[in-house]
Asks: 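Take this structure, written in structure tokens, and hold onto it; I'll ask about it next.
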Amino acid sequence: MKKVTISVLQELNFPEFSFRFKNSENKVSIFDCIRKKFVILQPEEWVRQHCVRYLMEVKSYPISLINVEKELTINDLKKRYDIVIFNPNGSIHIIVECKAPKINITQSTFDQIARYNTELNASYLMVTNGLNHYYCQMDFENERYQFLKDIPEYARR
């Protein structure tokens with residue numbers, strides 16, 4: 001595979017990771033290790049791939065518990081989540097919503113992930129545009145979330 005030089009990608013607020021790229025028909029793709037295929041490199045995908053690597057390499061979540069870009073139905077509407085991390089028992093531990101770096105994280109972003117969580121019931125939420133990261137822990141009893149400094153590391157249960 002020939003080396004692809006990519007100079008237009010924005011530096012993100014994540015550790016530096018090594019990625020595989022390919023150029024086909026003047027479109028650059030990045031290899032997604034979860035989906036096991038190359039996907040067109042868009043700004044949101046650049047953030048998603050960094051986030052996946054962060055969860056695996058920094059927070060030690062096993063690849064087998066991570067799912068990317070799957071459809072779910074909320075109030076009869078089809079939606080797609082960016083990243084979900086499962087617990088070993090199959091329940092959902094973390095939902096991650098990724099935005100392109102130029103998209104500001106606003107209340108509507110939190111509303112979006114909260115709507116997803118009415119269906120998924122994750123314990124933790126993460127919202128990122130690659131530059132700013134926000135982490136929350138759900139308090140289901142009081143129907144609210146509490147902001148955290150970081151997402152918890154994987155702990156074998």
Side-chain angles (χ1 to χ4, degrees), residues 1 3-4 6 9-22 24 28-74 78-101 103 105 109-141 143-157:
M1 185 177 343
K3 186 126 172 112
V4 177
I6 301 168
L9 295 176
Q10 184 166 353
E11 192 171 319
L12 301 177
N13 186 15
F14 281 106
E16 198 169 302
F17 299 113
S18 178
F19 296 101
R20 288 173 47 203
F21 301 96
K22 80 174 182 180
S24 177
V28 175
S29 296
I30 187 169
F31 188 76
D32 181 324
C33 64
I34 305 298
R35 292 178 273 185
K36 297 187 178 11
K37 67 179 185 177
F38 281 93
V39 292
I40 300 293
L41 185 55
Q42 301 286 345
E44 183 179 312
E45 191 63 45
W46 183 233
V47 172
R48 184 171 23 254
Q49 293 304 317
H50 274 81
C51 193
V52 165
R53 296 297 279 280
Y54 172 77
L55 292 165
M56 289 171 45
E57 296 180 25
V58 175
K59 294 299 181 178
S60 304
Y61 286 93
I63 193 169
S64 61
L65 297 179
I66 301 173
N67 205 315
V68 173
E69 281 262 293
K70 291 286 190 213
E71 196 173 84
L72 69 151
T73 304
I74 301 171
K78 294 200 181 304
K79 303 288 184 182
R80 290 184 87 71
Y81 61 70
D82 286 307
I83 303 169
V84 162
I85 299 176
F86 291 93
N87 289 307
N89 69 5
S91 64
I92 296 178
H93 185 55
I94 302 171
I95 305 172
V96 183
E97 179 61 29
C98 300
K99 298 293 184 192
I103 305 293
I105 308 262
T109 312
F110 286 98
D111 294 345
Q112 177 186 4
I113 198 169
R115 275 192 307 277
Y116 290 2
N117 207 32
T118 59
E119 195 69 32
L120 300 174
N121 295 314
S123 303
Y124 296 92
L125 310 176
M126 176 179 175
V127 176
T128 182
N129 64 3
L131 305 172
N132 299 300
H133 317 300
Y134 300 94
Y135 314 97
C136 308
Q137 183 172 14
M138 292 304 300
D139 176 355
F140 291 106
E141 202 170 292
E143 295 183 352
R144 59 189 184 133
Y145 44 81
Q146 174 184 346
F147 283 92
L148 305 172
K149 286 189 179 7
D150 202 350
I151 212 82
E153 285 195 26
Y154 178 69
R156 294 198 186 285
R157 297 182 244 318

Asks: Treating His133 as the side-chain partner and Asn13 as the backbone partner, does any N or O pair qualify as donor plus acceptor under 3.5 Å?
Replies: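 Here the side-chain-to-backbone pair exists.
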Asks: Give the minimum heavy-atom separation between Cys51 and Val96, together with the two atoms involved.
Replies: SG-CG1, 3.6 Å
Asks: Which heavy atom of Ala100 sits nearest a heavy atom of Pro43, and at what distance?
Replies: CB-CB, 3.7 Å
Asks: Using a strict 4.0 Å threshold on nitrogen-to-oxygen distance, state whether Arg80 and Glu44 make a salt bridge.
Replies: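 Glu44 and Arg80: not salt-bridged.
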Asks: Can any side-chain N or O of Arg53 pair as donor or acceptor with the backbone N or O of Ser18 at less than 3.5 Å?
Replies: yes
Asks: Are Ile85 and Leu55 close enough that some pair of their side-chain heavy atoms sits under 4.5 Å apart?
Replies: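 With C-beta onward as the side chain, the pair touches.
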Asks: Could you give me the CA-CA distance, side-chain angles and deciding distance for Cys33 and Ile63, then say whether side-chain contact (heavy atoms from CB on, under 4.5 Å) is met?
Replies: CA-CA 8 Å; Cys33 64; Ile63 193 169; 4.2 Å; yes
Asks: Hey, does Cys136 have a side-chain heavy atom less than 4.5 Å from the side chain of Met126?
Replies: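 Side chain of Met126 against side chain of Cys136, heavy atoms only: no contact under 4.5 Å found.
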Asks: Work out which heavy atom in Phe21 is nearest to a heavy atom in Leu41; give both atom names and the distance.
Replies: CE2-CD2, 3.8 Å
Asks: Would you confirm whether Asp82, through its side chain, and Glu97, through its main-chain N or O, come within 3.5 Å as a donor-acceptor pair?
Replies: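 A pair under 3.5 Å: no.
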Asks: To the closest 0.5 Å, what do you measure between NZ (Lys99) and CZ (Arg48)?
Replies: 10.5 Å
Asks: Looking only at atom types and distance, does a side-chain atom of Trp46 sit under 3.5 Å from a main-chain N or O of Gln10, one as donor and one as acceptor?
Replies: yes
Asks: Are Val47 and Cys98 packed together at the side-chain level, in the sense that at least one heavy-atom pair is separated by less than 4.5 angstrom?
Replies: yes
Asks: Checking the side chain of Asn87 only, and the main-chain atoms of Asn89 only, is there a donor and an acceptor separated by less than 3.5 Å?
Replies: no
Asks: Could you check whether the rings of Phe17 and Phe14 sit parallel, tilted or perpendicular, using 30° and 60° as the cut-offs?
Replies: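 Ring orientation, 0 to 90° scale: tilted.
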Asks: Could you grab the distance from atom NZ of Lys37 to atom CD1 of Ile30, nearest 0.5 Å is fine?
Replies: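 So the NZ of Lys37 and the CD1 of Ile30 are separated by 14.0 Å.
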Asks: Flag the pair Lys59 and Asp150 as a salt bridge only when some basic side-chain nitrogen lies within less than 4.0 angstrom of an acidic carboxylate oxygen.
Replies: yes
Asks: Determine, stepwise, if the pair Phe31 / Phe38 fulfils ring-ring contact (aromatic ring centres under 6.0 Å, His included).
Replies: CA-CA 4 Å; Phe31 188 76; Phe38 281 93; 5.2 Å; yes
Asks: With a 3.5 Å distance limit and no angle check, can you tell me whether Asn129 reaches the backbone of Asn132 through a side-chain donor-acceptor pair?
Replies: yes
Asks: In the structure I gave you, are the side-chain heavy atoms of Leu131 and Leu12 within less than 4.5 Å of one another anywhere?
Replies: yes
Asks: Please state whether the rings of His93 and Tyr61 are parallel, tilted or perpendicular, taking 30° and 60° as the class boundaries.
Replies: tilted
Asks: Go through the steps for Arg35 and Val68 under the test side-chain contact (heavy atoms from CB on, under 4.5 Å), then give the verdict.
Replies: CA-CA 7 Å; Arg35 292 178 273 185; Val68 173; 3.7 Å; yes
Asks: Of all the heavy-atom pairs spanning Phe140 and Ala122, show the shortest one and how long it is.
Replies: CZ-O, 3.1 Å
Asks: Should Met138 and Leu125 count as side-chain neighbours, where that means a heavy-atom distance under 4.5 Å?
Replies: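 Yes; the side chains approach each other to less than 4.5 Å.
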Asks: Side-chain contact test, heavy atoms from C-beta onward, threshold under 4.5 Å: evaluate it for Ile34 versus Val52 and give yes or no.
Replies: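 With C-beta onward as the side chain, the pair touches.
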Asks: Are side-chain heavy atoms of His50 and Phe19 found at a separation under 4.5 Å?
Replies: yes
Asks: Taking the six-membered ring for Trp, is the centroid-to-centroid distance between Tyr134 and Phe110 below 6.0 Å?
Replies: yes
Asks: Between atom CG of Asn67 and atom CD1 of Ile95, what is the distance when rounded to the nearest 0.5 Å?
Replies: 12.0 Å
Asks: Contact between Met56 and Ile66 at the side-chain level, heavy atoms closer than 4.5 Å - yes or no?
Replies: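 A side-chain contact under 4.5 Å exists here.
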Asks: Is there a donor-acceptor pair closer than 3.5 Å between any side-chain N or O of Asn117 and the backbone N or O of Leu120?
Replies: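 Between the backbone of Leu120 and the side chain of Asn117 there is no qualifying donor-acceptor contact (under 3.5 Å).
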